[in-house]
Structure formats: C-alpha cells, structure tokens
Amino acid sequence: MLPDADDLPEILLDLAVPHEDINELVALRRRLARDSETGRLLEECVAGLVRDMGEIGGAAPWPGDRIAELSTGQTAGGESGEPGALGRYFAAYVFVAALPYVRAHHHALGVPPEVTRRTLADLGRNMAVHRRRHGRGGVQAPWWLALHFHGELFQLGRLQFQRAHVGEWTAGLLAGTGPAPDAHAMGLSVHVPDFHGPLSPGSCDRSLALAQDFFARHFPGENYTAAVCHSWLLDPQLKRYLAADSNIVRFQERFRLAGEAGEPADTEPVQFVFGNADLPVADLPRRTALERAVGDHLRAGGHWFIGHGWFLFPTV
C-alpha cells in the first residue's frame, strides 16, 4: 500500500513535504512496515478516506483514539526514537497511500495534472504550518486535508474551493444579507491558504474565474452559483485598522456579510498572522499594518470573530 523507503522521498517531494521532514518519514516508514497493528490501522484509515471518492461528506471519520495512542506512545514496534513521532506523522502515510486513488479519480474527471499537484501539495503546506506552530514535524489538521484527498476541495490559483451544500446553519446565518442561497443549494466554500503570497484583488479575480470554468467543466451536474466563506478575514472590525485599498478589505467587499458575530475567536488571527495561537498578546510584534491591527485590538480589550459572507458568481 505504501511505496517503499527508496521511492518515498520523491513522492513526498511531489506533495511539497518540507525537506527537513523527509528523513524522519523514511525512517519511520521502515518501522511502520514491521508493525502489523499499525499497518492494519493505516489500511483502515486509507479505506475510509477513499470510500465513495468524490462524494461530499463521504469519507469515513478516522479512529482518533487509536491514532492518539500513536501520538503519545513509542514508535512502531517499540523501537527507540522520539516518542509520539509516528502519531504526529501518521496522517502523512495515510495521504501517501491514498495518492493513487485520488489521482485516478481526478484523471477520470479530466482534472488537469497541475491542478491535482497544486491541490495535493497542501499536505506540505500544512506540515510547514505544524512545524511553525509546534517546533517539530507533523501534520496540521488531518481532517482538513482529507477534503483534498477525497475529491471535495481543489486549489485554483490563490484560493481553494470546497464543493459543499450550503446547509441549514449557513443559510440561516446569511438570511439577513439579502436573497441568500437556501440550505439545499450547492455552494463553493472559499478558503485562503497560508504561505501563498498576498491576497491581491487580481489573484482573487483569477481564482474565481478559474473556479467558474473548472466546476462547470468537471462537475457539470452540480450547479454552483454562489460562494460562501467563514473566516476571521471577514471580521468587519478589520476595516477600523486597515486602509480601504488593502487586500483584506477589498477581499471582504466581495461578500455580503452576516451581522451576527458569534463567540470570540481571538486565536484565529493570532495563529494565522503570527504562526502560533499561544503567543502572549502583550508580546505580539507590530511590524506590519495587519500585525498592529490584530495585536493592538486585543491589547485594548477587544475580540476578533469569525466573519460569514457570500456572493453570487457573475453570470456568463
């Protein structure tokens, strides 16, 4: 199911896995191969991930309790090594083993190879985020990457687009913003990946144009007329601190925003802007306008919230 240790480095590089993680992944691969119980867990997770490939919400949940045991215990086979390393890296092996299935699914849909490559390279991006936040190797938010490797999410230029149903909660939240999409409608959920340069208006325009063409071409049975977004980037309070022509403000202005703020989500901008959600607020740097906005607002006793918005794609 997994490529052997000699072939694994090239596959990891194709997935943009950081170079500093490759040696450890190869070493743990040899240990994993000698541990039958962990091998069975890997097979179970891969089978659940590729089940009903492409069906929205079709991937089976991973057995988190059993993976957690790997995260706190010894490496496979009880051999010496950093305790918990296999647990932190386990999701990477699941995604590598699922790679032939997702590539075959994309090929059957006619998805261009470069879109497949850039979409699945989010594994490497999330591993870089994990190291930035925790100071050691691992996979950040495997549940999120499962969307990529199950055919539900695609990277198209600067933005990522997730095939989804609007749902009752989102429909209710957006109802006060105008003739919003109803709960049963199909909607593309827009996500802004890290480590990808400025969120410029031109790059967003290009991504949205690519998305309109991509989903009409490769998912002709799914009618995506609206996009939705749930992000701290849509907190209207950012307009108090950022210039009207800033990238974030111009990104917000694409959306009809819901008025309800919900519970505070102060750690969201901290972790995305500064790389670590646990940094002391008093010590947050003030090097850029965004850093000053996030930190100064919190130091003044304010809170940040997840904003919610939507917009219709222009008709063609």
Side-chain angles (χ1 to χ4, degrees), residues 1-50 59-102 117 119-150 193-195 267 270-272 274-279:
M1 178 177 291
L2 277 175
D4 63 33
D6 290 336
D7 294 331
L8 185 57
E10 291 185 2
I11 294 171
L12 294 174
L13 287 172
D14 287 342
L15 294 170
V17 170
H19 290 76
E20 56 263 48
D21 291 312
I22 289 178
N23 283 349
E24 191 165 10
L25 281 163
V26 172
L28 287 170
R29 163 69 180 88
R30 296 189 179 99
R31 295 170 182 166
L32 190 155
R34 293 194 288 269
D35 186 272
S36 58
E37 183 176 350
T38 307
R40 286 192 293 272
L41 177 60
L42 178 71
E43 291 179 0
E44 179 182 336
C45 290
V46 173
L49 179 61
V50 304
W62 290 8
D65 54 342
R66 292 162 63 191
I67 295 174
E69 291 176 2
L70 296 175
S71 299
T72 57
Q74 292 291 325
T75 54
E79 299 185 37
S80 61
E82 182 187 348
L86 182 58
R88 289 187 282 104
Y89 281 116
F90 183 77
Y93 296 112
V94 176
F95 294 129
V96 167
L99 188 58
Y101 298 93
V102 67
R117 178 174 58 82
T119 297
L120 303 184
D122 218 22
L123 172 60
R125 179 187 290 117
N126 277 260
M127 293 181 73
V129 169
H130 186 283
R131 186 172 291 277
R132 182 176 70 174
R133 293 183 184 174
H134 304 289
R136 58 183 182 175
V139 180
Q140 185 73 22
W143 61 268
W144 163 250
L145 290 163
L147 296 170
H148 307 55
F149 284 79
H150 191 251
D194 206 349
F195 298 129
T267 59
V270 173
Q271 70 179 3
F272 282 105
F274 301 99
N276 185 344
D278 298 324
L279 290 174

**Asked** With side chains defined as the heavy atoms from C-beta onward, is the minimum distance between V102 and T119 less than 4.5 Å?
**Response** no
**Prompt:** Taking the side chain as C-beta and beyond, is there a heavy-atom pair between L25 and M127 under 4.5 Å?
**Reply:** yes
**Asked** Under 6.0 Å from the CD atom of E20, do we count more than 12 heavy atoms belonging to anything else shown?
**Response** yes
**Prompt:** What distance do D14 atom CG and L123 atom CG have between them, rounded to the nearest 0.5 Å?
**Reply:** 11.5 Å
**Heavy-atom pair of closest approach, residues G275 and R133** = O-CG, 2.7 Å
**Message:** Quick one: does any side-chain atom of Y89 pair with a main-chain N or O of R29 as donor and acceptor, under 3.5 Å?
**Reply:** no
**Asked** Relative to the ring of H148, is the ring of W144 parallel (under 30°), tilted (30 to 60°) or perpendicular (over 60°)?
**Response** perpendicular
**Verdict with reasoning, R66 to E44, per side chain to side chain contact (heavy atoms under 4.5 Å, CB included)** = CA-CA 11 Å; R66 292 162 63 191; E44 179 182 336; 2.7 Å; yes
**Message:** When you measure from the side chain of D122 to the backbone of R125, do you find a donor-acceptor pair of N or O atoms at a distance under 3.5 Å?
**Reply:** no
**Fill in**
Closest heavy-atom pair, P3 versus L8, reported as atoms and distance to 0.1 Å, is CG-CD1, 3.9 Å
**Message:** Apply side chain to side chain contact (heavy atoms under 4.5 Å, CB included) to residues L49 and F95 and explain how you reach the verdict.
**Reply:** CA-CA 9 Å; L49 179 61; F95 294 129; 3.8 Å; yes
**Asked** What closest approach, in Å, do A128 and P18 show between heavy atoms, and which atom pair accounts for it?
**Response** N-CG, 4.0 Å
**Request:** Would you sort out whether L99 and L15 count as a side chain to side chain contact (heavy atoms under 4.5 Å, CB included), showing the intermediate values?
**Result:** CA-CA 10 Å; L99 188 58; L15 294 170; 4.1 Å; yes
**Request:** Of all the heavy-atom pairs spanning A92 and V139, show the shortest one and how long it is.
**Result:** N-CG2, 3.8 Å
**Request:** Would you check if C45 and I67 make a side-chain contact, meaning some heavy-atom pair closer than 4.5 Å?
**Result:** yes
**Intermediate values then yes/no, side chain to side chain contact (heavy atoms under 4.5 Å, CB included), L42 and V94** = CA-CA 6 Å; L42 178 71; V94 176; 3.7 Å; yes
**Side-chain touch Q271/L279, heavy atoms, less than 4.5 angstrom** = no
**Request:** Measure from the side-chain N and O atoms of R136 to the backbone N and O of A85, and report whether any donor-acceptor pair falls under 3.5 Å.
**Result:** no
**Prompt:** Looking at CD1 of I11 and CG of D4, how far apart are the two atoms once the value is rounded to the nearest 0.5 Å?
**Reply:** 8.5 Å
**Prompt:** Nearest heavy-atom pair of V129 and F195: which atoms, and what distance?
**Reply:** CG2-CE1, 3.5 Å
**Request:** For R132, check salt bridge (Lys or Arg N to Asp or Glu O under 4.0 Å) against everything at least two apart and list the hits.
**Result:** D194
**Item:** Atom of L41, atom of P63 and distance for their closest heavy-atom approach
**Value:** CD1-CG, 3.5 Å
